[in-house]
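Down below is the structure, laid out as structure tokens.
For the numbers below, each heavy atom of this structure counts, side chains included, while hydrogens, waters and symmetry mates do not. Because the structure is predicted, anything quoted here is derived from the model rather than measured.
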Amino acid sequence: MIHCCCVTKFIANLALKVCITTTTISATTTVTSTAISRIIGPILRNEVIRRGTIRVRRGIVTLSNIDQSFTICLCEKAHWNLRIHHKTLEFMGLDHRIFDVSICIKQNGDNVNERDYLRTEGDPGASGYTIKEAVALTRSVIPGQRALALHLLSSVLDKALHYICKDRTGYMTKNENKVDKSVDWEAVWAFALGPEPELVLSLRICLDDNHNSVVLACTKVVQSVLSYDANENYCDMSEKIATCDMDICTAPVFRSRPDINDGFLQGGFWKYSAKPSNILPFSDDSMDNETEGKHTIQDDIVVAAQDFTVGLVRMGILPRLRYLLEKDPTTALEECIISILIAIARHSPTCANAVLKCERLVQTIVNRFTADNFELRSSMTKSVKLLKVFARLDQKTCLEFIKKGYFQAMTWNLYQSPSSVDHWLRLGKEKCKLTSALIVEQMRFWRVCIQYGYCVSYFLEMFPALCFWLNPPSFEKLVENDVLDESTSISREAYLVLESLAGRLPNLFSKQCLNNQLPESAGDTEVWSWNYVGPMVDLAIKWIASRSDPEVSKFFEGQKEGRCDFPFRDLSATPLLWVYAAVTRMLFRVLERMTWGDTISSFETEGHVPWLPEFVPKIGLELIKYWFLGFSASFGAKFGRDSEGESFMKELVYLRQKDDIEMSLASTCCLNGMVKIITTIDNLILSAKAGICSLPRQEQSLSKEGKVLEDGIVNGCLVELRYMLDAFMFSVSSGWHHIQSIESFGRGGPVPGAGIGWGAPSGGFWSATFLLAQIDAKFLVSLLEIFENASKGVVTEETTFIIQRVNAGLGLCLTAGPREKVVVEKALDLLFHVSVLKNLDLCIHNFLFNRRGRTFGWQHEEEDYMHLRRMLSSHFRSRWLSVKVKSKSVDGSSSSGIKTSPKVGACLETIYEDSDMSSMTSPCCNSLMIEWAHQKLPLPVHFYLSPISTIFHSKRAGTKKVDDVLHDPSYLIEVAKCGLFFVLGVEAMSIFHGTDIPSPVEQVSLTWKLHSLSVNFLVGMEILEQDRSRVTFEALQDLYGELLDKARLNQSKEVISNDKKHLEFLRFQTEIHESYSTFLEELVEQFSAVSYGDVIFGRQVSLYLHRYVETSIRLAAWNTLSNARVLELLPPLEKCFSGAEGYLEPAEDNEAILEAYTKSWVSDALDRAAIRGSVAYTLVVHHLSSFIFHACPMDKLLLRNRLARSLLRDYAGKQQHEGMLLNLIHHNKPPPSVMGEELNGGVLSERNWLESRLKVLVEACEGNSSLLIVVEKLKAAVEKSS
């Protein structure tokens, strides 16, 4: 179990080091009094320390055998005295003394003066250091104190990051320190990093220190801030998976502002927190006398506050790191420097290019790697990793490394291999670990080159050494020497190299291959030859057969429940699973290059392949024999219990559901590769059969494996595949909602490090938990495609399965990150498949029939479904999967169109939220790195509403350039019409309770759903001109009205008595946009201009008068409608698409709204509304009558009297308002049955009831004689009307 503690080490000529380690240390160290004096002499100048013993135990350093015994306690006290909002912090702020890292001197008598010698701020009486004090201490004149402060900061940051990751992923153990667990480590991290620039400035200054101990401690702090270890753990896991072809940049980002043209939907393009052009203060050609003095420290501070890494680069950290490398640093310093460079290179393409362009830096790293000293060291592995990261950045960079000889120099180990396992084991465990780590990184470097098409021909030279790792080893010896992980890691990477080589194979049935011609290479790229494939497949098949090896079986038997024998329980199957996953990927890639879909031969038009290599059925037979035999129809019932006769597929599903995340990842990758292999083999065999169908079939006896292969492997395990489909649909549906929380950190975004990307629930986007969710999503896509193909011959599919498929498709879209664009595309294809659209239509008809007793008066034809599919697919791809690429300036202009003069060329560029980036292209195919910026994934949960929420608002467009096709009004109207059908379908389907898989549609706030209906009215009523779209729109309003009534009833039950604020759950201004009132003004403007009292339009506008809409929006809607004199255009209450009770109850008590109602009354804005019976008039009469005549709290009496007097004065001057006032008095009149009931010992007659109301009006007059006359007049009118 990982346990963190503070350990102190006293080293001569260095400073006191405080660090976090992964084990509990208890040790005894003896040092000289001279060494101790150098370290703590500045602290205890008057102490006479003789030779003694220092005992380190549980973080307490005890010095004994000295003249005056004392104890130095090194503990990190993380007490939050107060957590407050601070206006200068982007994150949640801290109190002034938020975090105390204490170095307490416990003596017989406290020497306050000596203790205060080091303190720089705060309460002198408090023990320890705050973070700000530690930062200030880094500028001490004493090197030991500078190093102490830096080690202190490193310890705090390491522990903060450690606990953030463990707490959010749920792996906090009971053994963790209770004090540490109670600390808000996210706030500690945020406070340490900014926004004040003290830390970054101090670190940059410390790098220039002339003491090696200070420089080393400084590099460790920088490494901690850049979160190198946590980042690399994630990247290493991604490399193992291998399905993640692209690395993701780690730069902090933020979302662009929601746009009215997109209906204020969230999920805009990501932008860098620090503009890339601000990373380097000067361009190569901009250095002149005029601009030389323009670069100031203030500019660096501004950039560092936006992005810590960018601030360091801008402050010139790269030349300093190069200088340190050139001065022959220690092994520890070299490793830290290269780690920092890797973190900078992963930050963004601009930072990576800055490292590449730093003169002599890369060359220095290569030279140190190829030095005469052949002793392996961990920094060599990191050096290879650094060049691999650069190679992934750009194809040209990779080619440049090859031409300069960097690749050959950094991969010389790949040409060497041990003669046997025993020979390798004789190196020793530590040497095996170093060798394995280095070879793994070298193979990954080679893979990158192969993916670009380079270094393919090196296979012949490296194969003899590679062959050793491609063969299954002696597992017993590896386990005995505890190097199984190291050996299988190399084997895994070797097969991933083969998988990349297989990707460079020409299509087997291309004209060149059929004519035995060598395929042509394009430029410097190369292709692999099919002559090498057969032996490689044979080696891979050996690994498949190794599953029957008794030694291998022990690994999987040890994972079974109920096995308590130690030899089995102590072995993990994860290393083997990673190798199996790599083997299946390699075999699938080979089989994929045999498909005829991309060939140029004549066989493409015939739809079959002419022949198959013999290894194709061989792979299938071996898989069936060793991995598939034993499956049964009782798979689900017996799952995970009986090991006899089980298939390996069954075991993998069981291992996937264990708590070990890495094992789950490996199991899913294995299943994914296995399923792809069997589907490809089935398709190839079926295609080959079509080519020989004319030949007479010979009867022959087939083995059990041959029979399964003949009938189709997929058909033989449909039961298991369906079980897996259900399991993974549930997994995806339960995991997508965590990804929606990754944007909870504002400008920092979901990225790691300074963005605190791990702070989101379940560890954030960069955790293994989220990686597992994305891998599950990819595998689910494969399973859904299998069942889609299997159901092509079925006329009707099970409705429940279609619902599951739709819910899974929506969940897939929400799970995908920046590099899972293909997953979203395939999910959209599944969602908009004709069979799905037909079932959506069926759900709509069922919903309408159940609610109205009738359905649409038309039926959709096949052409209608095809049109829906084309329009919806086009919209979602252009709306959510487009990528923005800024056009390069050619005349000194910035991308925002603002021309900058050379005189101010050194000034910082501003990040414009809506700068022109309209050129949409696909990500470059010559890079294996993808940026968070300039794309929109992951999608917001309400993304499916975009078809009915996308408009082109000419008033808001201004001079912004837009795509003519995608923003053509007629195109957008057609998209909206198709979107109405789709949204109504998925909403109606979500009401169907025939599945246990929750629908993402149910998680979308009703506020967003109702708002999306209003957006299209912002540009008129064109969406209602066609009968079909009009009826569909009305049906969607009815459905949302039903949901609103249900939500209202549920909300009413949860509300605490007399707390009506919680009733207002339709928070348009809070959830949609802070300027939603402006949106309402434009909506009402359209309503008054073009609606002519249209009921559907009026229903939508009247929604904002609903009692459960937040007060500010109700008030804004009423005032806008009243000022526009269009209250009479609103429909009657009974025609609104929500129940009347939702508009009327509870009675209004907000002063501003009641006064607005009264103002509209006295200004004659309600006159025509009263004649037409508009909902506006009903609301005013109901709420004013309830407030004036019902029991009124004491604090509201003045308001009640004031409103009553206003109505009476209005009646005195406007006789035409008599009927309105009478309606107000008679409102809520009890029925005759109630009138006859006894009340307070008497009989409540109608006359008494009216007199009680008139009495309220008399009281409101407060003795005003003129108003009392009006009341008497009103009384006569009341008696006359009774």
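Each salt bridge (charged side-chain N to carboxylate O under 4.0 Å, His left out) pair with one or both residues in residues 665-676, not counting sequence neighbours, would appear here, but there are none. Listed by first and then second residue, the salt bridge (charged side-chain N to carboxylate O under 4.0 Å, His left out) pairs involving residues 613-627 are Asp538-Lys618 (not counting sequence neighbours). Counting only residues at least two apart or on different chains, the salt bridge (charged side-chain N to carboxylate O under 4.0 Å, His left out) pairs with a member in residues 480-491 are Lys429-Asp482. Residue pairs meeting the salt bridge (charged side-chain N to carboxylate O under 4.0 Å, His left out) criterion with at least one partner in residues 571-592, sequence neighbours excluded, are Glu499-Arg585, Glu499-Arg589, Arg589-Glu592.
Salt bridge status for Lys388 with Glu239: present, with a side-chain N to carboxylate O gap under 4.0 Å. For the pair Lys382 and Glu335, the salt-bridge criterion is met [side-chain N within less than 4.0 Å of a carboxylate O]. Between Arg444 and Asp236 there is a salt bridge, since at least one side-chain N of the basic residue sits less than 4.0 Å from a carboxylate O of the acidic one.
Applying the salt bridge (charged side-chain N to carboxylate O under 4.0 Å, His left out) test to Glu400 and every residue at least two apart in sequence or in another chain returns Lys404. When the side chain to side chain contact (heavy atoms under 4.5 Å, CB included) test is applied to Thr680, the partners found at least two apart in sequence or on another chain are Phe588, Leu591, Thr595, Leu684.
If you look at Trp528 and Phe459, their ring centroids are closer than 6.0 Å.
Ring orientation note: the planes of Tyr458 and Phe407 are tilted relative to one another, at an angle of 30° to 60°. Between Phe648 and Phe556, the ring planes are perpendicular. Angles over 60° get that label, and only those under 30° would be called parallel.
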